[in-house]
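Reviewing the structure listed below.
Keep in mind that this is a model prediction, so the values were computed, not measured. Throughout, a chain's letter reflects where its sequence line sits, starting with A, and its residues are numbered from 1.
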Protein chains: 2
Amino acid sequence: MATAKPTHSFKTPCEQCPLRPLPHFREFSREELEFVSKFKRGELAVDAGATILVEAAHSAHLFTVLSGWGFRYKMLEDGRRQILNYVMPGDLIGLQGTIMGEMQHSVEALSPVTLCVFERDKLMTLYNRHPSLAFDITWIAAQEERILDEHLLSIGRRTALERAAYLIAFLFERARKLSLFNGGNVIPITQQHIADTLGLSIVHTNKTLKKLAGRNLIRWQERGCDVLDGEGLMQVAGWEGMLEGKRPFI
Amino acid sequence: MATAKPTHSFKTPCEQCPLRPLPHFREFSREELEFVSKFKRGELAVDAGATILVEAAHSAHLFTVLSGWGFRYKMLEDGRRQILNYVMPGDLIGLQGTIMGEMQHSVEALSPVTLCVFERDKLMTLYNRHPSLAFDITWIAAQEERILDEHLLSIGRRTALERAAYLIAFLFERARKLSLFNGGNVIPITQQHIADTLGLSIVHTNKTLKKLAGRNLIRWQERGCDVLDGEGLMQVAGWEGMLEGKRPFI
DNA sequence: CGTACACTTGAGATAAGTCAATTAAGGTGG
DNA sequence: CCACCTTAATTGACTTATCTCAAGTGTACG
């Protein structure tokens with residue numbers, strides 16, 4: 001199993017952050033940007049499949065995803081794995097470990113990922129001097145909680161077909177808002193990941209995805225899911241989508 | 001369906017809060033206590049079965065549970081219900097609504113519940129003037145996220161028996177830390193609640209609970225689950241328990 | 001004394017899991 | 001350039017877990 005390894009540590013100044021211009025994110029004041037820029041210690045690039053953070057590790061760093069896809073997961077002792085959520089540009093990772101001392105989940109890269117690395121010890125300074133950014137961090141935590149609520153509803157109460165439709169629609173909507181698709185609509189994910197997210201076996205996942213493909217909602221490609229009809233997926237899932245509006249990020 | 005209704009609005013001063021002396025909670029400075037006391041607008045008492053907060057409601061209040069048990073849940077259009085988590089003394093409810101404008105889940109009282117009511121608009125003041133309390137709120141949000149992670153793992157990957165054992169052990173551990181049991185070890189919950197938490201039907205839940213009872217881990221009582229062997233439940237579930245240590249609350 | 005609600009239980013139906021074998025694509029080393 | 005390996009996706013057959021339906025018990029409460 002590969003572990004996170006820096007390939008280079010060029011540092012994009014936050015003032016030129018490629019994410020900030022996106023309409024999905026709220027605008028920052030000059031002071032905020034200045035502080036975040038000082039808060040940022042460097043960048044980290046990891047390969048697809050690399051482990052970014054490991055469960056039970058102490059003194060984790062705090063990261064913001066700058067580019068790429070990843071996922072958070074937990075495992076039982078005998079190897080059963082549950083994917084909890086996916087991480088995409090703008091997402092904060094390692095907050096639990098930073099605030100409460102120990103990570104209780106792992107994070108793995110789905111594609112090559114670049115991360116902004118933040119000084120763990122400066123987090124208190126952020127709370128002391130920039131209440132608006134502190135509020136943003138709480139906002140991000142509350143948003144993650146919302147997403148987990150919806151996933152829980154999905155796994156607990158939706159049928160396999162609904163669950164699969166929900167998950168793909170969810171990933172599609174998030175990626176679309178971040179302008180992550182260039183050309184196609186392909187989500188870089190494996191059927192095993194979908195199975196481990198939905199709490200299903202891989203065989204049953206495969207048969208379920210075939211049904212969605214049969215309805216012309218998706219098409220499976222080498223190494224990914226091509227979304228043909230996001231609206232249709234939401235309808236199958238009985239899911240309204242996430243609330244609109246700009247979101248913060250650090 | 002009953003809705004939250006104030007029965008009286010006596011206000012316990014935060015300096016005399018019955019929760020603060022508990023070893024489970026961190027100590028607060030005099031300044032923090034003073035601010036929280038001003039932040040608190042009053043108290044609300046609701047009956048068992050009352051709805052404290054409703055999904056999609058705007059301008060919700062922010063509450064801290066002072067006494068009693070409740071639960072957060074979401075529903076699908078056709079009535080399928082998923083219980084997301086339980087709320088107990090010291091838990092903050094309504095944060096999502098306060099921070100992001102709209103609640104996306106409901107909260108219902110399991111037993112008679114009393115709540116501290118906070119001024120929603122003063123939250124920004126808290127962030128501006130009391131960074132340590134702001135940090136606490138983030139801590140609470142991150143803790144909720146952790147719990148949801150574990151629930152997700154449970155529903156997605158544990159067997160029915162493991163799930164049930166985990167849930168009961170989880171509720172038992174939380175309640176024990178809060179000294180909620182006087183005399184017995186009875187969790188005031190219905191089998192329907194357990195079913196809706198585990199994502200199982202009530203029939204199968206009943207049969208699963210019988211198995212746990214057969215192993216002398218629990219005993220079912222009128223209107224509640226009597227825990228006989230918390231350690232044994234954790235062992236069945238393959239669950240290590242939550243991290244120890246003091247926690248904050250507002 | 002009747003009604004409501006929670007809990008039980010058995011039996012048959014259905015969803016999902018497991019096992020096993022096959023195909024297809026990509027990567028590697030000779 | 002080809003033989004070989006690995007990984008991901010696919011499919012069929014069978015087993016198991018869980019659901020649904022239906023009926024019955026017990027207790028609390030008006």
Side-chain angles (χ1 to χ4, degrees), chain A residues 1-2 47-50 71 76 78-83 108-111 154-165 167-168 186-214 218-226 236, chain B residues 1-2 47-49 71 76 78-83 108 110-111 154-165 167-168 186-214 218-226 236:
Chain A
M1 189 184 293
D47 296 332
F71 60 93
L76 292 172
D78 60 5
R80 283 174 284 178
R81 178 176 77 168
Q82 177 65 39
I83 294 182
E108 186 177 318
L110 264 177
S111 67
S154 201
I155 300 199
R157 289 305 185 201
R158 281 194 245 250
T159 66
L161 192 73
E162 292 167 345
R163 265 183 248 186
L167 174 62
I168 296 169
V186 180
I187 299 170
I189 206 182
T190 224
Q191 293 191 4
Q192 185 67 63
H193 292 120
I194 294 201
D196 286 350
T197 312
L198 303 182
L200 299 171
S201 73
I202 186 160
V203 173
H204 198 247
T205 298
N206 180 276
K207 288 169 183 167
T208 304
L209 291 173
K210 285 268 149 183
K211 281 190 201 164
L212 290 178
I218 62 166
R219 185 171 42 183
W220 204 265
Q221 300 218 319
E222 8 49 83
R223 201 157 303 269
C225 175
D226 187 8
V236 169
Chain B
M1 190 182 291
D47 296 332
F71 60 92
L76 292 172
D78 62 5
R80 282 175 285 178
R81 178 176 77 169
Q82 177 65 39
I83 294 182
E108 186 176 318
L110 264 177
S111 68
S154 202
I155 299 200
R157 290 303 184 202
R158 282 194 244 250
T159 65
L161 192 74
E162 291 167 346
R163 266 184 247 184
L167 174 62
I168 296 169
V186 181
I187 299 170
I189 206 182
T190 223
Q191 293 192 3
Q192 184 67 63
H193 292 120
I194 295 200
D196 286 349
T197 312
L198 303 182
L200 298 171
S201 73
I202 185 158
V203 173
H204 199 248
T205 298
N206 179 275
K207 287 168 183 167
T208 304
L209 291 172
K210 285 267 150 184
K211 281 189 200 163
L212 291 178
I218 63 167
R219 186 170 43 180
W220 205 264
Q221 301 218 318
E222 7 51 82
R223 202 157 303 267
C225 176
D226 187 8
V236 169

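As a whole-Å value, the separation of A:Ile189 CD1 from D:dA9 P is 10 Å. Following rounding to the nearest Å, B:Leu212 (CG) and C:dT8 (P) show an atom-to-atom distance of 12 Å. Remark: P of D:dC19 and CG of B:Leu198 are 10 Å apart, rounded to the nearest angstrom. In this entry the distance linking NZ of B:Lys211 with C1' of D:dA17 reads 9 Å, nearest Å. With rounding to whole Å, A:Leu209 atom CG is found 14 Å from C:dA16 atom C1'. One interatomic measurement links the two molecules: CG of B:Asp78 to P of D:dT20, which rounds to 11 Å at whole-angstrom precision. Summarising the geometry, the separation between NE2 on B:His204 and C1' on C:dG12 is reported as 15 Å, rounded to the nearest angstrom. For the pair A:Leu110 CG and D:dA8 P, the computed distance is 12 Å after rounding to whole Å.
Listed nucleotides C:dA16, C:dG10, C:dT18 differ in distance to A:Val203; the shortest reach to its side chain belongs to C:dT18.
Side chain of B:Arg157 to backbone of A:Leu200: a donor-acceptor contact under 3.5 angstrom is found.
Between A:Lys211 and A:Thr208, the closest side-chain pair of non-hydrogen atoms is not below 4.5 Å. Looking at heavy atoms from C-beta onward, A:Thr159 lies in side-chain contact with B:Arg80 at the 4.5 angstrom threshold. Side-chain atoms of A:Ile202 and A:Asn206, non-hydrogen and from C-beta on, never get closer than 4.5 Å to each other. Residues B:Ile168 and B:Ile189 are not in side-chain contact: their nearest non-hydrogen atoms beyond the backbone lie 4.5 Å or more apart. Side-chain contact between A:Asp196 and A:Gln192 is present, with at least one heavy-atom pair separated by less than 4.5 Å.
Looking at heavy-atom distances under 4.0 Å, B:Ile202 makes no contact with the nucleic acid at all. Using a 4.0 Å heavy-atom cutoff across all strands shown, A:Ser201 reaches at least one base atom of the nucleic acid. As judged by a 4.0 angstrom heavy-atom cut-off over every strand, A:Gly224 is placed among residues making no nucleic acid contact.
Put simply, A:Lys210 has a side-chain N or O that comes within less than 4.0 Å of OP1 or OP2 on D:dT11. Regarding contacts with the backbone of D:dT10, a side-chain N or O of A:Gln191 is found under 4.0 angstrom from either OP1 or OP2. Applying the 4.0 Å criterion to OP1 and OP2 of C:dC5, one finds that B:Thr190 has every side-chain N and O outside that range. Note on A:Asn206: a side-chain N or O is less than 4.0 Å away from OP1 or OP2 of D:dT10. The side chain of A:Lys207 contributes no N or O atom lying less than 4.0 Å from OP1 or OP2 of C:dG17.
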### Message
One character per nucleotide, please: for nucleotides 23-30 of chain D, 5' to 3', B when the base has a protein heavy atom closer than 4.0 Å, S when only the sugar-phosphate does, - otherwise.
### Response
--------

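The minimum heavy-atom distance between B:Ala164 and B:Leu212, with the atom names listed, is CB-CD1, 3.8 Å.
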